[in-house]
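So the structure is just underneath, and the comments pick up after that.
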2 protein chains.
Amino acid sequence: MDDQAIGPRKDRAAVKADEVKVDLIAFVVAVNDSEPCVLTIGQADTLPSGPFALEHRSLQSGLRGWVEQQTGHPLGYIEQLYTFADRDRIGAERQQRVISISYLALTRKEQAAGSPKCGWQSWYEYFPWEDHRSGTPPVVLDVLRPRLIEWADGVSDAAARRERWQRATIAFGFDDRLWNEELTLQRYELVYEAGLVQEAGSGRDATLPPLVPSKSMVADHRRIVATGIARLRSKIKYRPVVFELMPPVFTLLQLQRTVEALAGRLIHKPNFRRLIEQQELVEETGEATTETGGRPAKLYRFRHAALDERVIAGTKLPLARG
Amino acid sequence: MDDQAIGPRKDRAAVKADEVKVDLIAFVVAVNDSEPCVLTIGQADTLPSGPFALEHRSLQSGLRGWVEQQTGHPLGYIEQLYTFADRDRIGAERQQRVISISYLALTRKEQAAGSPKCGWQSWYEYFPWEDHRSGTPPVVLDVLRPRLIEWADGVSDAAARRERWQRATIAFGFDDRLWNEELTLQRYELVYEAGLVQEAGSGRDATLPPLVPSKSMVADHRRIVATGIARLRSKIKYRPVVFELMPPVFTLLQLQRTVEALAGRLIHKPNFRRLIEQQELVEETGEATTETGGRPAKLYRFRHAALDERVIAGTKLPLARG
DNA sequence: CCAGCATATACTTGCTGTGAGTATAAGGGA
DNA sequence: TCCCTTATACTCACAGCAAGTATATGCTGG
């Protein structure tokens, strides 16, 4: 909008152009030893964040600054997640809105020592129902399913009851539906609405069921993490972003384990190798490692040229069915 | 962030928590007579927009308000596109940042008469190279290709030259690569960087090539439209959002023409019908229309139940190869 | 009334992607 | 030396889908 935009400008004069505070929030991901981790500060319940200020050249550089300052970690790949205006966060003294812009960032744990105030947590501590690498975790069928049935039955309207249960069925793959790992956000919204996580607390009373065991986070940070996991799980299937999480040199099995950690489910090894190779995403270094035990594994590195080429075709990942 | 977030709060005190103005910008889409349209105000060069204000309950409701006020059109489906902080838009008098949150919205033209200040423009007026429904448009090979070659050759570094040309090749499908309709944003960025659109104007001088014939827009609005087109073209393939653009009752061919309008390419009719039917996205009304000429076409309506079901599987659309 | 046209609707074919299983190679340790 | 583990290679089978072809049905113009 510049001076040409006369039309809307006049309309706007009718409304006070309110000022707003803008917060930048980062969901920073790394994978170590087949465990997907989120970078936290505080009591392992807070994402790095800070206000967007005049000295920041751009939104992204502001985010990088806050994360480095609070955790000592430099960020590699950054992607915007979502912008939201918190209804509940209107400043007490002045009437003022706060807007949060959340980001997904990928890095590697070893990148830096890290300040003492920060730490890496397996993201499955916050979402124990999301890790299906060893089959469906017990909490899904033993805890979530009965509580969600209770929750669905908790409304009088029959149609609403059916709709609630259908949502749960789809999201969690009940009744022999298959598990869809990308529905992380829908699942979190369900357990939140059902009052099964601490964050849903304000409305809690004695009639609500006990919480599902899981780590909670401050404000809506856990929701941001759920959004980020969903985005990442979707993205690894069509863009070669996994390599942002890998060391410069790696074996194909390490690569596979990393993808499995993110997706929360296992991958058929021969198919995974075929796909990676036929897409020419990696190239051999010529070296091999015996650290893995068994036959020495060839070492590979990412072909950065693939970044440009793969814009089109996309990276596909074969996820096992059952 | 609430009072629990003590860690970051202290750090923040070091920086003045600057205030920011927030703008909401809408890319509103409708399809009429097989022509995909964007809602504009001003000289058909401005998207509806307005500041986020205290009286708005949420970002989305603020956006709805501005669009209705400026154009008289109510919005249906709304989806956030991207949030950016304009470097070039720091207030002259006071040091102040402006942040823009852009949205994609779907509606139908007939929905309202519309105020006189607004109008619908075919989006291919702004992106003539994007419509491949009658084959590759002449502008691609006759104008864009030679100018992009010039642009690529315009750098001395051989590697940079190769990289520029590779980007162009991938984005526009030169050299027998196939056209990928989802790369709308990459293509716009290329023609912008190459100085072929008016918006790239500030740095223009006599040495730059003449513009590619196309309508321009105010500020970065055309870039927002490109982002929205890309998002929409991608989304129609896995979510049944097309129906937001359809009248309550329609024929399968009308549905196909709408998708073709958005995608900018033709669809194999038998395959399209099979896909729509097997996914049970629509149901027959029992009526038929003879207005299409030829054998009367059955009328269908969208099965809203599919909205819930299709969260999983996604909607697939068969786009023709060549 | 009939020919021709335009649209709708149905069926068939062949390729490709990919899920899944099996077999072989190579090194280390008991 | 045997066995274990991991890496690497090959094969099969099914599903999805692009693409082509054929038939049905109603309108229109000569």
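In this text the structure is predicted, and so the values were computed from the model without any measurement. Protein chains get the first letters and strands the later ones, always in sequence-line order, with residue 1 at the start of each.
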Kindly point out which of C:dG19, C:dA8, D:dC17 is positioned nearest to the side chain of A:N271? C:dG19
Keeping the roles fixed (side chain from B:R265, backbone from B:W179), state whether a donor-acceptor pair exists under 3.5 Å. yes
Mind calculating the distance between CG (A:L178) and P (C:dG19) to the nearest angstrom? 13 Å
Among the nucleotides C:dA8, C:dT9, C:dA26, which one has an atom lying closest to any side-chain atom of A:P296? C:dA26
Starting from P on D:dC17, measure out to CD on B:E277 and report it in whole angstrom. 15 Å
What is the distance, to the nearest angstrom, from the CZ atom on A:R273 to the C1' atom on D:dC10? 13 Å
Taking C:dA10, D:dG26, D:dA18 as options, the one with an atom nearest any side-chain atom of B:P270 is C:dA10
So is A:R145 actually on top of A:F174's ring, under 6.0 Å and inside 45° of the axis? yes
Does B:D33 CG have over 12 foreign heavy atoms under 6.0 Å away? no
Atom pair distance, as rounded to whole Å: CZ in B:F272 and P in C:dT9: 13 Å
Whole-Å distance separating the CD atom of A:Q278 from the P atom of D:dC10: 14 Å
In whole angstrom, what separates A:Y238's OH from C:dG17's C1'? 20 Å
Between the base of D:dA19 and the side chain of B:H268, is there any donor-acceptor pair under 3.5 Å? yes
Contacts of B:R233 meeting side chain to side chain donor-acceptor pair (under 3.5 Å) (sequence neighbours excluded), chain-then-number -> B:Y124, B:E130, B:T184
Intermediate values then yes/no, side chain to side chain donor-acceptor pair (under 3.5 Å), A:R222 and A:S214: CA-CA 11 Å; A:R222 203 175 178 180; A:S214 61; 2.4 Å; yes
Most 5' of B:R274 and B:L252 on DNA chain C, judged by nearest nucleotide: B:L252
Rounded distance in Å - CD (B:E287) to P (C:dA8): 17 Å
Report yes if a side-chain nitrogen or oxygen of A:K269 is closer than 4.0 Å to either non-bridging phosphate oxygen (OP1 or OP2) of D:dA7; otherwise report no. yes
Could you tell me the separation between the CZ atom of A:F250 and the P atom of D:dA7, rounded to a whole number of Å? 14 Å
